[in-house]
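Here the structure comes first, spelled out in C-alpha coordinates, and everything after it is commentary.
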Amino acid sequence: MDTLLYLRASTVEQDANRARESMLQFAAEHNLNIINEYVDNASGASLQRPELNRLLKDARKNDVLLVESTDRLTRLSAEEWEQLKTLLTERGLRLVIADVPTSYMNMQTGNAVTDGIMKAINQMLVEILATMAREDYEKRKQRQLQGIQKAKEAGLYKGRAADTVLRSKILVNRAKFPTMSQKELAKLSGCSVGLVNKVLKTLA
(Lines give C-alpha, C1' and ligand atoms only; values in the text may rest on other atoms or scores of the structure.)
Protein backbone atom coordinates (compact mmCIF):
# COMPACT_ATOMS: atom_id res chain seq x y z
CA MET A 1 0.00 0.00 0.00
CA ASP A 2 1.27 3.46 -0.87
CA THR A 3 2.20 5.14 2.40
CA LEU A 4 2.94 8.67 3.59
CA LEU A 5 5.26 8.71 6.60
CA TYR A 6 4.74 11.56 9.06
CA LEU A 7 7.38 12.37 11.68
CA ARG A 8 7.15 15.17 14.24
CA ALA A 9 9.07 16.74 17.10
CA SER A 10 7.89 19.71 19.11
CA THR A 11 10.82 22.10 18.61
CA VAL A 12 13.68 22.70 16.18
CA GLU A 13 16.12 21.63 18.90
CA GLN A 14 14.59 18.13 18.90
CA ASP A 15 15.25 15.60 16.15
CA ALA A 16 12.01 14.78 14.36
CA ASN A 17 13.88 12.10 12.37
CA ARG A 18 14.62 10.16 15.57
CA ALA A 19 12.11 7.42 14.73
CA ARG A 20 12.72 7.33 10.98
CA GLU A 21 14.73 4.10 10.81
CA SER A 22 12.37 2.16 13.06
CA MET A 23 9.40 3.40 11.02
CA LEU A 24 11.02 2.34 7.75
CA GLN A 25 11.55 -1.10 9.24
CA PHE A 26 7.94 -1.20 10.45
CA ALA A 27 6.73 -0.29 6.96
CA ALA A 28 8.81 -3.03 5.36
CA GLU A 29 7.49 -5.64 7.82
CA HIS A 30 3.89 -4.65 7.10
CA ASN A 31 4.11 -4.33 3.32
CA LEU A 32 3.70 -0.56 3.37
CA ASN A 33 5.37 1.19 0.44
CA ILE A 34 6.57 4.61 1.64
CA ILE A 35 6.29 7.02 -1.28
CA ASN A 36 6.96 10.22 0.63
CA GLU A 37 8.13 11.46 4.03
CA TYR A 38 6.98 14.55 5.90
CA VAL A 39 8.91 15.94 8.87
CA ASP A 40 7.57 18.70 11.13
CA ASN A 41 9.28 20.50 13.98
CA ALA A 42 6.11 21.93 15.43
CA SER A 43 3.75 21.45 18.35
CA GLY A 44 1.22 18.66 18.04
CA ALA A 45 -1.22 20.99 19.80
CA SER A 46 -1.57 23.05 16.62
CA LEU A 47 -3.03 22.25 13.22
CA GLN A 48 -0.72 24.85 11.65
CA ARG A 49 2.04 22.45 10.67
CA PRO A 50 3.63 23.00 7.23
CA GLU A 51 4.50 19.39 6.49
CA LEU A 52 1.22 17.99 7.78
CA ASN A 53 -0.63 20.42 5.53
CA ARG A 54 1.59 19.43 2.59
CA LEU A 55 0.87 15.77 3.31
CA LEU A 56 -2.86 16.39 3.26
CA LYS A 57 -2.55 18.16 -0.09
CA ASP A 58 -0.44 15.34 -1.57
CA ALA A 59 -2.60 12.49 -0.26
CA ARG A 60 -4.61 10.32 -2.60
CA LYS A 61 -7.59 8.15 -1.77
CA ASN A 62 -6.62 4.92 0.05
CA ASP A 63 -3.09 6.13 0.82
CA VAL A 64 -1.87 5.12 4.26
CA LEU A 65 -0.80 7.78 6.77
CA LEU A 66 1.85 6.17 8.97
CA VAL A 67 2.87 7.66 12.33
CA GLU A 68 4.90 6.30 15.23
CA SER A 69 2.33 7.05 17.93
CA THR A 70 -0.90 8.97 18.39
CA ASP A 71 0.82 11.92 20.07
CA ARG A 72 3.09 12.39 17.04
CA LEU A 73 -0.05 13.19 15.06
CA THR A 74 -2.17 14.97 17.63
CA ARG A 75 -2.10 16.77 20.92
CA LEU A 76 -4.96 18.84 19.58
CA SER A 77 -8.00 20.16 21.41
CA ALA A 78 -11.18 18.14 20.90
CA GLU A 79 -12.44 20.65 18.32
CA GLU A 80 -9.25 20.67 16.25
CA TRP A 81 -8.92 16.88 16.50
CA GLU A 82 -12.38 16.62 14.93
CA GLN A 83 -11.20 18.98 12.16
CA LEU A 84 -8.14 16.83 11.49
CA LYS A 85 -10.19 13.63 11.40
CA THR A 86 -12.52 15.26 8.90
CA LEU A 87 -9.56 16.21 6.70
CA LEU A 88 -8.18 12.66 6.86
CA THR A 89 -11.57 11.27 5.88
CA GLU A 90 -12.00 13.75 3.04
CA ARG A 91 -8.61 12.79 1.64
CA GLY A 92 -9.46 9.09 1.93
CA LEU A 93 -6.44 8.38 4.14
CA ARG A 94 -6.09 5.22 6.21
CA LEU A 95 -4.37 5.96 9.52
CA VAL A 96 -1.80 3.43 10.73
CA ILE A 97 -0.20 4.03 14.13
CA ALA A 98 2.80 1.81 14.78
CA ASP A 99 2.16 1.33 18.49
CA VAL A 100 -1.60 0.75 18.04
CA PRO A 101 -1.90 -2.78 16.54
CA THR A 102 -5.63 -2.43 15.84
CA SER A 103 -4.85 0.32 13.33
CA TYR A 104 -3.21 -2.16 10.98
CA MET A 105 -4.49 -5.59 12.04
CA ASN A 106 -7.72 -5.16 10.04
CA MET A 107 -5.64 -4.49 6.92
CA GLN A 108 -4.59 -8.12 7.00
CA THR A 109 -8.03 -9.77 6.91
CA GLY A 110 -10.64 -10.22 4.24
CA ASN A 111 -13.56 -10.87 6.55
CA ALA A 112 -16.13 -8.06 6.57
CA VAL A 113 -17.40 -8.86 10.08
CA THR A 114 -13.89 -9.04 11.53
CA ASP A 115 -12.90 -5.84 9.73
CA GLY A 116 -15.96 -4.06 11.12
CA ILE A 117 -15.22 -5.14 14.67
CA MET A 118 -11.55 -4.20 14.39
CA LYS A 119 -12.45 -0.81 12.91
CA ALA A 120 -14.80 -0.04 15.81
CA ILE A 121 -12.23 -1.12 18.40
CA ASN A 122 -9.51 0.86 16.65
CA GLN A 123 -11.59 4.03 16.50
CA MET A 124 -12.28 3.78 20.21
CA LEU A 125 -8.61 3.25 21.07
CA VAL A 126 -7.43 6.11 18.88
CA GLU A 127 -10.00 8.45 20.47
CA ILE A 128 -8.82 7.47 23.96
CA LEU A 129 -5.15 7.91 23.02
CA ALA A 130 -5.83 11.27 21.36
CA THR A 131 -7.56 12.48 24.52
CA MET A 132 -4.68 11.22 26.67
CA ALA A 133 -2.15 12.97 24.41
CA ARG A 134 -3.98 16.26 24.82
CA GLU A 135 -4.28 15.85 28.59
CA ASP A 136 -0.57 15.05 28.84
CA TYR A 137 0.23 18.21 26.85
CA GLU A 138 -1.94 20.36 29.13
CA LYS A 139 -0.42 18.85 32.29
CA ARG A 140 3.10 19.50 30.97
CA LYS A 141 2.24 23.11 30.18
CA GLN A 142 0.71 23.56 33.62
CA ARG A 143 3.78 22.10 35.37
CA GLN A 144 6.04 24.27 33.23
CA LEU A 145 4.12 27.42 34.15
CA GLN A 146 4.17 26.44 37.82
CA GLY A 147 7.93 25.89 37.66
CA ILE A 148 8.49 29.24 35.95
CA GLN A 149 6.35 31.02 38.53
CA LYS A 150 8.31 29.48 41.41
CA ALA A 151 11.61 30.39 39.72
CA LYS A 152 10.40 33.96 39.24
CA GLU A 153 9.40 34.23 42.88
CA ALA A 154 12.87 33.01 43.83
CA GLY A 155 14.49 35.44 41.42
CA LEU A 156 16.01 32.59 39.41
CA TYR A 157 14.05 32.72 36.16
CA LYS A 158 15.90 34.28 33.23
CA GLY A 159 13.96 32.77 30.35
CA ARG A 160 15.11 30.05 27.97
CA ALA A 161 18.76 30.45 27.02
CA ALA A 162 19.91 29.48 23.55
CA ASP A 163 22.31 26.56 23.32
CA THR A 164 25.24 28.76 22.36
CA VAL A 165 27.76 25.90 22.30
CA LEU A 166 25.72 23.88 19.83
CA ARG A 167 24.94 26.92 17.69
CA SER A 168 28.62 27.84 17.61
CA LYS A 169 29.44 24.30 16.54
CA ILE A 170 27.01 24.60 13.61
CA LEU A 171 28.63 27.86 12.49
CA VAL A 172 32.13 26.40 12.77
CA ASN A 173 31.13 23.34 10.75
CA ARG A 174 29.49 25.54 8.11
CA ALA A 175 32.71 27.53 7.79
CA LYS A 176 34.71 24.31 7.40
CA PHE A 177 32.30 22.72 4.93
CA PRO A 178 30.51 25.51 3.03
CA THR A 179 29.01 23.16 0.43
CA MET A 180 27.64 20.63 2.92
CA SER A 181 23.86 20.18 2.88
CA GLN A 182 21.82 21.15 5.93
CA LYS A 183 21.00 17.49 6.58
CA GLU A 184 24.68 16.53 6.55
CA LEU A 185 25.54 19.56 8.69
CA ALA A 186 22.89 18.57 11.23
CA LYS A 187 24.29 15.05 11.45
CA LEU A 188 27.84 16.35 11.86
CA SER A 189 26.79 18.86 14.52
CA GLY A 190 24.54 16.43 16.39
CA CYS A 191 21.32 18.41 16.11
CA SER A 192 18.14 18.72 14.08
CA VAL A 193 17.93 20.08 10.53
CA GLY A 194 15.48 22.67 11.86
CA LEU A 195 18.06 24.10 14.23
CA VAL A 196 20.67 24.22 11.46
CA ASN A 197 18.22 26.11 9.27
CA LYS A 198 17.46 28.53 12.09
CA VAL A 199 21.13 29.21 12.81
CA LEU A 200 22.07 29.62 9.14
CA LYS A 201 19.31 32.17 8.67
CA THR A 202 21.27 34.44 10.99
CA LEU A 203 24.03 34.49 8.37
CA ALA A 204 21.73 35.59 5.57
Side-chain angles (χ1 to χ4, degrees), residues 1-60 62-76 81 84-85 87-88 91-105 107-108 122 125-126 129-130 132-134 136-137 140 163 165-167 169-170 173-174 177 179-201:
M1 294 183 179
D2 286 345
T3 300
L4 309 177
L5 174 60
Y6 181 69
L7 303 167
R8 184 189 67 79
S10 297
T11 67
V12 294
E13 285 79 10
Q14 297 174 350
D15 185 6
N17 282 292
R18 168 195 55 79
R20 182 174 181 274
E21 291 304 317
S22 63
M23 295 307 296
L24 292 178
Q25 181 178 349
F26 176 91
E29 291 172 352
H30 293 83
N31 298 315
L32 300 176
N33 175 39
I34 295 179
I35 58 174
N36 213 339
E37 299 177 22
Y38 304 81
V39 182
D40 264 324
N41 281 95
S43 173
S46 172
L47 268 178
Q48 303 308 311
R49 288 177 252 164
E51 287 296 281
L52 177 60
N53 290 331
R54 186 168 72 88
L55 182 154
L56 291 170
K57 289 179 181 179
D58 292 347
R60 301 166 303 176
N62 293 324
D63 279 351
V64 170
L65 167 55
L66 175 62
V67 295
E68 178 190 16
S69 58
T70 308
D71 62 6
R72 295 304 86 198
L73 179 64
T74 176
R75 288 187 184 275
L76 298 166
W81 172 230
L84 179 55
K85 287 191 296 182
L87 291 171
L88 297 180
R91 300 305 294 164
L93 281 163
R94 300 187 63 176
L95 177 61
V96 170
I97 305 171
D99 66 357
V100 182
T102 53
S103 69
Y104 50 86
M105 286 172 61
M107 298 172 68
Q108 302 170 4
N122 180 62
L125 281 175
V126 171
L129 291 170
M132 290 174 63
R134 177 65 186 187
D136 178 67
Y137 167 79
R140 289 184 186 208
D163 189 340
V165 174
L166 182 55
R167 290 168 187 251
K169 185 177 181 180
I170 294 170
N173 287 334
R174 167 54 81 202
F177 309 102
T179 62
M180 183 175 282
S181 70
Q182 289 192 13
K183 185 176 181 179
E184 293 170 329
L185 193 58
K187 185 175 182 180
L188 178 64
S189 303
C191 67
S192 69
V193 176
L195 181 58
V196 168
N197 180 266
K198 187 175 181 179
V199 171
L200 295 184
K201 281 182 178 179

How many angstroms lie between atom [atom1] of [X] and atom [atom2] of [Y], to the nearest 0.5 angstrom?
X	Y	atom1	atom2	result
Arg174	Leu188	CZ	CG	10.5 Å
Met180	Asn173	CE	CG	7.0 Å
Leu47	Arg49	CG	CZ	6.5 Å
Leu32	Leu65	CG	CG	11.0 Å
Ile170	Cys191	CD1	SG	3.5 Å
Thr74	Leu129	OG1	CG	11.0 Å

**Item:** side chain to side chain contact (heavy atoms under 4.5 Å, CB included) between Leu24 and Glu37, worked out
**Value:** CA-CA 10 Å; Leu24 292 178; Glu37 299 177 22; 4.0 Å; yes

Within the structure provided, determine whether [X] and [Y] are in side-chain contact (heavy-atom separation under 4.5 Å).
X	Y	result
Asp2	Ile34	no
Leu73	Leu52	yes
Arg18	Glu68	yes
Thr3	Asp63	no
Leu185	Leu200	yes
Asp136	Arg75	yes
Phe26	Leu66	yes
Leu4	Val64	no

Do [X] side-chain atoms and [Y] backbone N/O form a donor-acceptor pair below 3.5 Å?
X	Y	value
Arg91	Lys57	yes
Arg72	Arg8	yes
Ser103	Val100	yes

What verdict does the side chain to side chain contact (heavy atoms under 4.5 Å, CB included) test give for Arg94 and Met1, after you've listed the backbone C-alpha separation in whole Å, the side-chain angles of each residue and the deciding distance to 0.1 Å?
CA-CA 10 Å; Arg94 300 187 63 176; Met1 294 183 179; 3.7 Å; yes

At their closest point, which heavy atom of [X] faces which heavy atom of [Y], and how far apart are they?
X	Y	result
His30	Tyr104	NE2-CE1, 3.5 Å
Ala45	Arg134	CB-NH1, 3.6 Å
Ser69	Asp99	CB-OD2, 3.3 Å

Please determine whether side chain to side chain contact (heavy atoms under 4.5 Å, CB included) holds for the pair Thr70 and Leu125, giving the CA-CA distance in whole Å, both sets of side-chain angles, and the decisive distance to 0.1 Å. CA-CA 10 Å; Thr70 308; Leu125 281 175; over 6 Å; no

| said: Side chains of Glu29 and Gln25: any donor to acceptor distance under 3.5 Å? | reply: yes

Ionic contact status for Lys187 with Glu184, cut-off 4.0 Å: no

* Go through the steps for Tyr6 and Asp40 under the test side-chain hydrogen bond (donor to acceptor under 3.5 Å, both in side chains), then give the verdict. => CA-CA 8 Å; Tyr6 181 69; Asp40 264 324; 2.8 Å; yes

Can Asp71 and Tyr137 be said to form a side-chain hydrogen bond (donor to acceptor under 3.5 Å, both in side chains), step by step? CA-CA 9 Å; Asp71 62 6; Tyr137 167 79; over 6 Å; no

_Pair Val39-Val193, side chain to side chain contact (heavy atoms under 4.5 Å, CB included): steps then yes or no_ = CA-CA 10 Å; Val39 182; Val193 176; over 6 Å; no

